[in-house]
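No hydrogens, no waters, no symmetry mates; every other heavy atom, side chains included, goes into these values.
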Amino acid sequence: MNKRRLILLTVIVILVAVVLFAGRWLRTYDLKAERAAARAAGIPLSESENPLPAISAADDAVPLYDKLTALREVEPPETKRPRPASEHRGGSPRVESTEELRALITAKHEILRVIHTAAAKPHARIDVAPENNQLIPRLTSMRQAAIMIRWESELMAREGRYVEAVRNEAISLRIANQCLEQQVLLTQLTSFAIEAIAMSGFRDLLEEAGERPGVAEAVRDEVTSYRSNRDFSRFIAGETLDGLGTVRRIDHVRKVPAPQAHPLWIPHALGLHAATRGYFADASEAVWLHWMTRYMAASRRPISERNDAIAQVDREFQEATAATRERRMAAPAFHFAMVRVRMFREVAGSASGAATKRAVIATAASVLAYRARHGKYPATLEQAGAPQPVDYQTNRPLEYKFNGNAFEIAAHPDTSGLEPERARSLTESLRFQYPPGAK
């Protein structure tokens, strides 16, 4: 054997040894064991293990939201976002002039007809596969639909049709639920946004006409009868599948064009890509499944315990991530999970916040309905028959204060760690004062 072949053989042997050593170093979790644990926890590992119920084309609203997208693309620019306008609470633009608002609703007659038809459908089966490229346009159309419903309800209120406006605003809650047909991050965030638009609409109607006959009762009935399809364990399952799809699409080796593009190029060039992929991509999948199984267990706790349970898993994940910094070769396996799980605690908090906001609005409506019947405010929330008088973020009862012709319902969110402006905004969003601004 000549010297050149001996050197090449030595290099190959050394690289194989490095890869095998790196594999032992990286395999923080065993993939086979993590797959078994995930399945035992009810987490699907493939689309075939998570089949969606069959629905008929007649029950699917997605084609109508696609039609809404097409209609909006050909709208005159001046009707897409009216001017002059200010921002509603909930993020939708407010039209100040009643005549302008009436003209806007008239111009959007066909769009609103499509929205009402779509919202009446029981399903909106949106394809969340990234290669489909339809998720964001469709969710955008659903949020725009909620904004237009808000405009329509506001016009009804300005014309004195308050109870009709309440019923109309409830259409947005159906759209919020349609977003959750498949529960991944973007569908959750869009559903939160749409629900916020609807709740701010109910709040405005209560503030403007809460003591008029039937208005408070209508708000209370719509909010308390709303059953959100938001299911945090389904969200974890959906995110797990979405993450697995990403991990499995990542080929750390075969698509690397040049040595400077990826540190694993040399093993690839030597035909060791199967081994290196097993140690890097499979290690990432094992890490992902391990922590998603932990988050799944936390997600199934009662809502009063769930936030703390998720926060605990989050702390443990951060500790495990920090430990990998001393083992640099293991860091790539954690990096994918690090990027994705950061939002789980925030989504869980947003879900509790949304439930608390519903409780505040429903409780305020109950108090106003009691006053409309008896001519005075109730001495306690129980006397008003107020449903859900609890802050789901802190598990504390809602605070109720009244004085003469004014009252206040308030939650007490945990604002520690928030910037002052964010803390103030959160606190105000979970408080209802009547009349507005009353002390």
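Although no hydrogens or angles enter the test, the distance criterion places no donor-acceptor pair under 3.5 Å between the side chain of Trp151 and the main chain of Ile105. Formation of a donor-acceptor pair under 3.5 Å by the Gln178 side chain with backbone atoms of Ala118 is found in this model. Between the Thr187 side chain and the Gln182 main chain, a donor and an acceptor come within less than 3.5 Å of each other. A donor-acceptor pair under 3.5 Å is formed between the side chain of Asn177 and the backbone N or O of Asn229. With hydrogens and angles ignored, the 3.5 Å screen pairs a side-chain donor or acceptor of Ser299 with a backbone N or O of Met296. Side-chain atoms of Ser191 come within 3.5 Å of backbone atoms of Ala176 as a donor-acceptor pair (strictly under, hydrogens ignored). With hydrogens and angles disregarded, no donor-acceptor distance shorter than 3.5 Å links the side chain of Glu154 to the backbone of Arg150. With Arg158 contributing its side chain and Leu101 its backbone, the two residues share no donor-acceptor pair below 3.5 Å. Proximity of a side-chain donor or acceptor of Gln183 to a complementary backbone N or O of Asp231 within less than 3.5 Å is detected. For the pair Gln383 (side chain) and Ala379 (backbone), a donor-acceptor distance under 3.5 Å is present.
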| side-chain contact (heavy atoms from CB on, under 4.5 Å) assessment of Trp291 paired with Glu316 | CA-CA 10 Å; Trp291 289 101; Glu316 293 174 9; 4.0 Å; yes

| task | Please step through side-chain contact (heavy atoms from CB on, under 4.5 Å) for the pair Lys108 and Leu71, ending with a clear verdict. | result | CA-CA 10 Å; Lys108 291 181 178 292; Leu71 286 172; over 6 Å; no

| request: Mind running side-chain contact (heavy atoms from CB on, under 4.5 Å) on Phe402 and Val367 for me, showing each step along the way? | output: CA-CA 10 Å; Phe402 69 98; Val367 171; over 6 Å; no

| task | Evaluate salt bridge (Lys or Arg N to Asp or Glu O under 4.0 Å) for Glu110 paired with Arg113, printing each intermediate quantity in order. | result | CA-CA 5 Å; Glu110 177 61 17; Arg113 186 190 66 79; 2.6 Å; yes

| request: Kindly determine whether Asp314 and Tyr295 satisfy side-chain contact (heavy atoms from CB on, under 4.5 Å), including the steps that lead there. | output: CA-CA 8 Å; Asp314 194 56; Tyr295 279 109; 3.2 Å; yes

| Could you walk me through whether Gln312 and Arg315 pass the side chain to side chain donor-acceptor pair (under 3.5 Å) check? | CA-CA 5 Å; Gln312 178 60 33; Arg315 284 191 293 270; 2.7 Å; yes

| task | Any chance you could lay out the side chain to side chain donor-acceptor pair (under 3.5 Å) test for Tyr434 and Asn405, step after step, and finish with the verdict? | result | CA-CA 8 Å; Tyr434 187 87; Asn405 292 319; over 6 Å; no

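Note that the OG1 atom of Thr356 and the CG atom of Leu426 stand 9.0 Å from one another [nearest 0.5 Å]. In this structure, CE in Met292 is found 6.0 Å from CD in Glu239, a value given to the nearest 0.5 Å. Between Leu45 atom CG and Leu241 atom CG the span is 7.5 Å, to the nearest 0.5 Å. A distance of 9.5 Å separates OG1 in Thr190 from CD in Gln188, rounded to the nearest 0.5 Å. Atoms NZ and OG, from Lys357 and Ser200 in turn, are 7.5 Å apart once rounded to the nearest 0.5 Å. With values rounded to the nearest 0.5 angstrom, Ser153 atom OG is found 9.0 Å from Glu164 atom CD.
The pair Arg138-Asp66 meets the salt-bridge criterion, with a side-chain N (NZ, NE, NH1 or NH2) lying under 4.0 Å from an Asp/Glu carboxylate O. The existence of a salt bridge linking Arg220 and Glu217 is excluded, since no basic side-chain nitrogen approaches an acidic carboxylate oxygen closer than 4.0 Å. Remark: Arg102 engages Glu99 in a salt bridge, criterion side-chain N to carboxylate O under 4.0 Å. Between Arg358 and Glu195 a salt bridge is recorded (basic side-chain N to carboxylate O distance below 4.0 Å).
Ala218 approaches Val163 most closely through the heavy-atom pair CB-CG1, 4.2 Å. Nearest heavy-atom pair, Ala237 versus Pro44, reported as atom, atom and distance to 0.1 Å: CB-CD, 3.8 Å. Between Ile194 and Cys179, the shortest heavy-atom contact is CD1-SG, 3.7 Å. What you find for Glu169 and Ile197 is that their closest heavy atoms are OE2-O, 4.0 Å. Scanning both residues, Glu181 and Arg234, for their nearest heavy atoms gives O-NH2, 3.0 Å. The nearest pair of heavy atoms linking Leu180 to Ser228 is CD1-OG, 4.2 Å.
Counting heavy atoms from C-beta outward, His123 and Asp59 have side chains that approach closer than 4.5 Å. The shortest side-chain heavy-atom distance between Glu100 and Leu104 does not fall under the 4.5 Å cut-off. Residues Phe202 and Leu173 meet the side-chain proximity criterion, which asks for heavy atoms closer than 4.5 Å. Contact annotation: the side chain of Asp127 never approaches that of Val62 to less than 4.5 Å [non-hydrogen atoms, C-beta and beyond]. Contact of the Tyr370 side chain with the Tyr377 side chain is not registered, since no non-hydrogen atoms from C-beta on lie closer than 4.5 Å. In this structure, Ile149 and Ile115 have side chains that are in contact, with non-hydrogen atoms separated by less than 4.5 Å. The side-chain heavy atoms of Val347 and Phe232, taken from C-beta on, include a pair separated by under 4.5 Å. At least one side-chain heavy atom of Pro53 sits less than 4.5 Å from a side-chain heavy atom of Arg125.
A distance below 6.0 Å separates the ring centres of Phe344 and Phe235.
A donor-acceptor pair shorter than 3.5 Å can be found between the side chains of His412 and Glu399. No donor-acceptor contact under 3.5 angstrom links the side chains of Glu285 and His290, judged on distance only.
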